[in-house]
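One-based numbering along the sequence shown. Atom set for the values below is all heavy atoms of this structure, side chains included, hydrogens, waters and symmetry mates excluded.
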Amino acid sequence: MTNPDFATGIGIAGCGRMGAPMLTALRAAGFDAKGFDVRPPSDFGALAPYLLPLPDFTARLTTLITVVRDIEQTDDVLFGAQNLIATAPDLATIIISSTLSPRYVRALRERVPPHITLIDAPMSGAAIAAKEARLSFMLGGDPQDIACHRSLFEAMGTHFHHIGAFGAGMQAKVLNNLLAASNTAMTRLVLDWADQSGIEERALLDLIHTSSGQNWLASGFEEIEFARDGWEADNTIGILTKDVASALDAAPDGADTALPDLIKTQIRALKPRPRKPPSSQ
């Protein structure tokens, strides 16, 4: 149910493969949410009327959800090229939903004026879950602040994990994504090895789904939009290497990082995996 206190003044900065369906979900739930992106509104189809340029986007903006790619873009949105902190006079809450270094996120508290509430709310589930409004959110922040904004998260997701104080959600997310990256690297490796052994892809994936090797990528291989992609700097596989780097940035002092470093190398080496008819495998 839409919380009437938060039905308006909501904006999503970064309407890419995750932000756009999140905006759609908010509007479907009754929120008068708007979006901002560096791309023109004409790129967004049915969402185009709700993609606003600056300064229109900042008018009456009270709750900002950032879903941009990385730290550089987050800095642009908050302090740099867009500078929404300085140009949105009614801004009261910032929800960080990008996956970023936890060190960077925690440091935002010293950079953002104290009257602005900060919540970190990275999400998991890939674009398919965003489109179906069933994301999993890892939340960091004051419990009362999160409770006030719960209706927003419920419009976009189905699982909500309050991990702790501001920054804790991001710490949990990069650890989760480190596991996701390792599953991605190993699933793709075993599928390549299966090809060489004459084992059909679908047969192996069905086995993995019901056996001890079960993992999110293997179980959703046909639904996850990037499952077959090779590494490119600007695609989701490329983002996985950024996420591993974020986990490494937050590694405990003296931690052995050899395995995460290897996972990052393996992800960078991934090549596109084409679909093959069963008879050719």
I'd like to know if [X] pairs up with [Y] as an ion pair, taking the criterion as any Lys NZ or Arg NE/NH1/NH2 lying under 4.0 Å from an Asp or Glu carboxylate oxygen.
X    : Y    : answer
D192 : R188 : no
K131 : E223 : no
R60  : D32  : no
R268 : E232 : no
R109 : D120 : no
R202 : E200 : no

Next item on the list: Let me see the working for R111 and D75 under salt bridge (Lys or Arg N to Asp or Glu O under 4.0 Å), right down to the final yes or no.
Entry: CA-CA 11 Å; R111 303 174 65 193; D75 261 4; 3.1 Å; yes
Working to the nearest 0.5 Å, report the span between [atom1] of [X] and [atom2] of [Y].
X    : Y    : atom1 : atom2 : value
I10  : L64  : CD1   : CG    : 11.0 Å
R273 : D229 : CZ    : CG    : 13.0 Å
N235 : E225 : CG    : CD    : 10.0 Å
L262 : T257 : CG    : OG1   : 11.0 Å
I146 : F160 : CD1   : CZ    : 12.0 Å
R228 : L270 : CZ    : CG    : 13.0 Å

Do you know which two heavy atoms are closest between [X] and [Y], and how far apart they sit?
X    : Y    : value
Q266 : A185 : CB-CB, 4.1 Å
L51  : C15  : CD1-SG, 3.9 Å
A130 : L135 : N-CD2, 3.7 Å
T158 : A133 : CG2-O, 3.8 Å
I12  : L23  : CD1-N, 3.5 Å
D56  : L52  : O-CD1, 4.0 Å

Closer than 3.5 angstrom, by distance alone: can the side chain of [X] be matched with the main-chain N or O of [Y] as a donor-acceptor pair?
X    : Y    : answer
K173 : S97  : no
Q214 : T210 : no
T241 : G238 : yes
S98  : V68  : yes
R27  : A33  : yes
T62  : G9   : yes
T58  : L54  : no
N177 : A180 : no

Taking C-beta and beyond as the side chain, do [X] and [Y] meet within less than 4.5 Å on heavy atoms?
X    : Y    : answer
F57  : D37  : no
V67  : I65  : yes
M123 : M22  : yes
V244 : I267 : no
S101 : I71  : yes
E201 : F221 : yes
I95  : T117 : no
I96  : I119 : no

Item checked: Audit row: H149, T63, side chain to side chain contact (heavy atoms under 4.5 Å, CB included) steps and yes/no -> CA-CA 9 Å; H149 295 82; T63 301; 4.1 Å; yes
Next item on the list: Under the side chain to side chain contact (heavy atoms under 4.5 Å, CB included) rule, what do F226 and I239 come out as? Steps first, then yes or no, please.
Entry: CA-CA 11 Å; F226 61 85; I239 289 174; over 6 Å; no
Next item on the list: From the options N183, T187, T184, select the one residue that forms a side chain to side chain donor-acceptor pair (under 3.5 Å) with N215.
Entry: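 Of N183, T187, T184, side chain to side chain donor-acceptor pair (under 3.5 Å) with N215 is met by T187 alone.
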Notebook entry, point to check: Can you check side chain to side chain contact (heavy atoms under 4.5 Å, CB included) on W231 and K271, steps first, answer last?
Noted result: CA-CA 6 Å; W231 186 92; K271 305 296 182 185; over 6 Å; no
Notebook entry, point to check: Of E154, H162, M156, which is the lone residue that meets side chain to side chain contact (heavy atoms under 4.5 Å, CB included) with F137?
Noted result: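 Of the listed options, the one satisfying the test is M156.
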